[in-house]
Amino acid sequence: QKIQLVASTAHRQKLLDTLQALGMMELTEVSREDAEKPQVKVEAAHSAELAIANIEFVLKLIKPFAKQRSLMEGPITMSIEDVRKKAQEFNFEPIVEKCRKIEEQIVALKNEHAMLSATQEEIEPWQSLSMPLDHIGETDRTITVVGTIQKTALAEFKEEIGKLSNLINVEVVSETDSAGYLAITYIKESEKDVKEVMMMQKFSEAELPSVSHDVKEELAKIKNRKGEIEKELETQDEELKVIAKDNFDLQIVHDFYVWERDKIYAEQMAYNTEYTFSLEGW
């Protein structure tokens, strides 16, 4: 049913609070040519929207650690006065700031962990490489490259390379069912011929981290750092568990600001005269 409420301006605040508490009426804008709209409370609306967004961010972050009310307990029931008092007393802004810092740390740690995992996967086939990784590249006389080749082409590749010069070393670092992992060192004078064979045999050059130790040591460092990151992430989870104890209070304050925002919008939809105001809705 569509209804219209008309009341003295003096009762506007109490009526709006009651309508919010009942939650039974969806307001619609009163359209009249002579309607005098109240001044839009832009700053108040923006402030409420910001508070809602900030609290929703915290609630989402702590949700995995927050105690959830059972169906038997039902929703939290409080009077508007108690909700308003809770919102005035509960300072949620330091919690929002702390959660933003925790989220930044979590994102940074997870990104680092993912990058380390990718590097680990990339260099694991090279564990038997018998040189520090920064030896890959050029010296005054030689060039060292690492890369992969189809396993079916490995024997032919080694044969063709061997025909070029006896000053070329091919090390088969490891093999899988489909590929061979090679380290090739050759004198610079042979570079053109070696590259031609590489191209013909579809040799794919690999890029490994340039560090002053071998792959096994680098893998050990990666695994150690990943373990540290996982412990740091556990520490962040413990921080969130502490914050999650305020879950119910945060939900209450969140609802208060939703009410405040909706009240401002309701006032904007009202029809006002000098002594009365009216609301329409369903």
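Start at 1 with the first residue, then count along the sequence. The analysis underlying the following values was restricted to heavy atoms, covering all of them including side chains, and did not include hydrogens, waters or symmetry mates.
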Residue set satisfying side-chain hydrogen bond (donor to acceptor under 3.5 Å, both in side chains) with Lys98, at least two apart, ordered chain then number -> Glu239
Hits for salt bridge (Lys or Arg N to Asp or Glu O under 4.0 Å) against Lys241, two or more places apart or cross-chain, chain-then-number order -> Glu238
Hits for ring-ring contact (aromatic ring centres under 6.0 Å, His included) against Trp259, two or more places apart or cross-chain, chain-then-number order -> none
Members sharing Val170's hydrophobic cluster, built from side-chain contacts under 4.5 Å between Ile, Leu, Val, Met, Phe, Trp and Tyr, are Ile143, Val145, Ile149, Leu154, Phe157, Ile161, Leu164, Ile168, Val172, Leu182, Ile184, Tyr186, Val194, Val197, Met198, Phe203
side-chain hydrogen bond (donor to acceptor under 3.5 Å, both in side chains) filter on Glu191, not counting sequence neighbours, yields Lys195
Sorted by chain and number, sequence neighbours left out, side-chain contact (heavy atoms from CB on, under 4.5 Å) with Ser130 holds for Glu171
Besides Val107, the hydrophobic cluster formed by Ile, Leu, Val, Met, Phe, Trp and Tyr side chains linked at under 4.5 Å, directly or via other members, contains none
Residues passing the salt bridge (Lys or Arg N to Asp or Glu O under 4.0 Å) test with Lys86, sequence neighbours excluded, are Asp249
Hits for salt bridge (Lys or Arg N to Asp or Glu O under 4.0 Å) against Arg100, two or more places apart or cross-chain, chain-then-number order -> none
Residue set satisfying side-chain hydrogen bond (donor to acceptor under 3.5 Å, both in side chains) with Gln236, at least two apart, ordered chain then number -> Gln105
side-chain hydrogen bond (donor to acceptor under 3.5 Å, both in side chains) filter on Asp134, not counting sequence neighbours, yields none
Applied to residues 145-157, the salt bridge (charged side-chain N to carboxylate O under 4.0 Å, His left out) test, sequence neighbours excluded, yields Lys151-Glu175
